[in-house]
There are 2 protein chains.
Amino acid sequence: MLVISDVIRGFTDSIILAQLSKGDSYGYEINKTIQAITDGEFELKEATLYTAFRRLEADGCIISYWGNENTGARRRYYTITEEGRAVFKENLTDWNRAKEMINDLLNKEGL
Amino acid sequence: MLVISDVIRGFTDSIILAQLSKGDSYGYEINKTIQAITDGEFELKEATLYTAFRRLEADGCIISYWGNENTGARRRYYTITEEGRAVFKENLTDWNRAKEMINDLLNKEGL
DNA sequence: TTATATACATTGACAGGTGAGGTATAGTTA
DNA sequence: TAACTATACCTCACCTGTCAATGTATATAA
């Protein structure tokens with residue numbers, strides 16, 4: 001009932017911003033990094049990933065540009081904006097608060 | 001962008017099961033308990049709460065019965081089932097795993 | 001030449017949260 | 001006594017995010 005993707009839901013944007021805050025990257029690489037960090041336990045579905053990029057760009061959190069690879073598949077790179085950094089910072093705070101709340105709600109005795 | 005409700009999404013069921021695992025209760029009381037535990041920082045919206053009850057009962061995680069109050073508003077009580085306890089136990093495990101994953105994804109350096 | 005890896009993108013179905021609205025009882029306050 | 005607040009339940013329509021399925025294109029390895 002509680003699937004891992006439901007838990008992650010709502011963090012997609014934050015996870016992407018977290019990766020981009022370390023430097024420019026592109027979809028495929030970001031997803032590989034996520035898999036590496038979670039020991040292959042988690043990956044963003046492609047549809048989810050690219051939907052998130054559109055959303056983040058529309059919200060002014062990231063900017064995209066095409067890489068100039070002269071071989072292999074083309075890559076669309078993303079840069080995090082100042083706005084994006086601010087949002088990410090806020091998300092981190094929210095996460096830490098939410099984490100405590102959920103811990104309490106799942107474990108603490110009532111009242 | 002990261003709203004608390006997005007973070008909580010997917011935890012509604014677990015939070016309710018957590019409260020019911022301590023004993024029978026009814027909607028209004030469960031919500032008050034949640035508010036108390038989170039120092040008023042969080043509450044389930046009524047629509048969310050009652051939708052979750054329907055879902056949990058349909059899934060066999062809880063059973064409901066009407067209380068026999070002879071004064072005040074009527075109350076529909078809920079009992080967690082064995083199935084519900086099993087699901088809750090699994091949810092706790094999933095949460096702990098997801099928590100670590102999200103922490104890593106938001107904080108760890110890439111690779 | 002067939003398969004795999006890299007790399008991007010869209011669409012339609014589905015699920016969960018929630019604002020807005022509704023019902024009913026009981027106590028408190030103006 | 002009228003108005004307000006608290007208790008307590010319920011449903012519908014809408015919105016948002018996830019994801020399976022599908023499609024495109026390049027390059028390398030078997």
Side-chain angles (χ1 to χ4, degrees), chain A residues 1-17 19 24-36 40 42-59 61-62 64-78 91 98 102, chain B residues 1-17 19 24-36 40 42-59 61-62 64-78 91 98 102:
Chain A
M1 213 105 60
L2 181 80
V3 190
I4 208 77
S5 59
D6 280 326
V7 182
I8 279 4
R9 191 193 172 98
F11 290 102
T12 309
D13 292 3
S14 306
I15 290 169
I16 291 171
L17 290 177
Q19 302 318 309
D24 290 14
S25 188
Y26 55 96
Y28 196 84
E29 189 181 52
I30 288 174
N31 219 7
K32 289 292 170 195
T33 304
I34 289 171
Q35 287 174 47
F42 181 63
E43 61 166 346
L44 288 174
K45 299 300 179 299
E46 291 196 1
T48 305
L49 185 69
Y50 292 110
T51 300
F53 282 140
R54 300 291 158 273
R55 186 169 53 237
L56 285 165
E57 190 153 28
D59 289 339
C61 290
I62 60 175
S64 70
Y65 59 94
W66 286 101
N68 56 346
E69 287 72 33
N70 37 23
T71 180
R74 77 221 158 122
R75 297 170 179 169
R76 187 199 280 273
Y77 285 86
Y78 296 94
N91 286 2
I102 295 169
Chain B
M1 211 104 62
L2 181 78
V3 189
I4 207 75
S5 59
D6 280 327
V7 182
I8 273 13
R9 192 194 170 97
F11 290 103
T12 311
D13 292 4
S14 305
I15 290 169
I16 291 171
L17 291 177
Q19 302 317 310
D24 289 14
S25 188
Y26 54 98
Y28 197 84
E29 188 182 52
I30 288 174
N31 220 7
K32 288 293 169 195
T33 304
I34 289 171
Q35 286 175 48
F42 181 63
E43 62 166 346
L44 287 175
K45 300 296 180 301
E46 290 196 4
T48 305
L49 186 69
Y50 292 109
T51 301
F53 283 141
R54 300 290 157 274
R55 187 169 53 237
L56 285 166
E57 189 152 29
D59 289 339
C61 290
I62 60 175
S64 69
Y65 60 92
W66 286 103
N68 55 347
E69 287 72 33
N70 35 23
T71 180
R74 78 221 157 121
R75 298 171 178 168
R76 187 199 280 273
Y77 285 86
Y78 296 94
N91 286 3
I102 296 170

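All values below come from the heavy atoms of this structure, side chains included, with hydrogens, waters and symmetry mates left out. Chain letters run A, B, ... following the sequence lines, proteins first, then strands; residues in each count from 1.
- With R76(B) as reference, W66(B) is the one residue of Y65(B), Y26(B), W66(B) to meet the side-chain contact (heavy atoms from CB on, under 4.5 Å) rule.
- Side-chain N/O atoms of K32(B) include one lying less than 4.0 angstrom from OP1 or OP2 on dT7(D).
- Among the atoms of the strands shown, base atoms are found under 4.0 Å from some heavy atom of T51(B).
- Among the atoms of the strands shown, base atoms are found under 4.0 Å from some heavy atom of E46(A).
- Between E57(A) atom CD and dC8(C) atom P there is a gap of 13 Å when expressed in whole angstrom units.
- Between T12(A) and R74(B), the one whose closest nucleotide on DNA chain D sits nearer the 5' end is R74(B).
- Comparing atom distances between the R55(B) side chain and each of dC10(D), dG16(C), dA20(D) picks out dG16(C) as nearest.
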Is there any protein nitrogen or oxygen under 3.5 Å from a nitrogen or oxygen in nucleotides 25-28 of chain D, and what are the pairs?
residue: dA27(D); atom: OP1; partner: G72(A); partner atom: N; Å: 3.4

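- For the 3.5 Å distance criterion, the side chains of E57(A) and S64(A) qualify, holding a donor opposite an acceptor.
- Rounding to whole angstrom units, CG of residue N31(A) and P of dA7(C) are separated by 12 Å.
- Between Y26(B) and dC9(D) there is no side-chain polar atom (N or O) within less than 4.0 angstrom of OP1 or OP2.
- We find that CZ of F53(B) is positioned 13 Å from P of dT11(D), with the value rounded to whole Å.
- In this structure, the CH2 atom of W66(B) is 9 Å from the C1' atom of dA8(D), given to the nearest Å.
- For dC9(D), one of the phosphate oxygens OP1 or OP2 lies less than 4.0 angstrom from a side-chain nitrogen or oxygen of Y50(B).
- One finds a side-chain N or O of R75(B) lying less than 4.0 angstrom from the OP1 or OP2 phosphate oxygen of dA8(D).
- Taking atom CD1 of I30(A) as the reference point, atom P of dT6(C) lies 15 Å away to the nearest angstrom.
- Checked against the 6.0 Å centroid criterion, the rings of F53(A) and Y78(A) qualify as a close aromatic pair.
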Could you list the protein-to-nucleotides 1-5 of chain C atom pairs, N/O on both sides, closer than 3.5 Å?
none

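- Atoms NZ (K45(A)) and P (dA13(C)) sit 21 Å apart, rounded to a whole Å.
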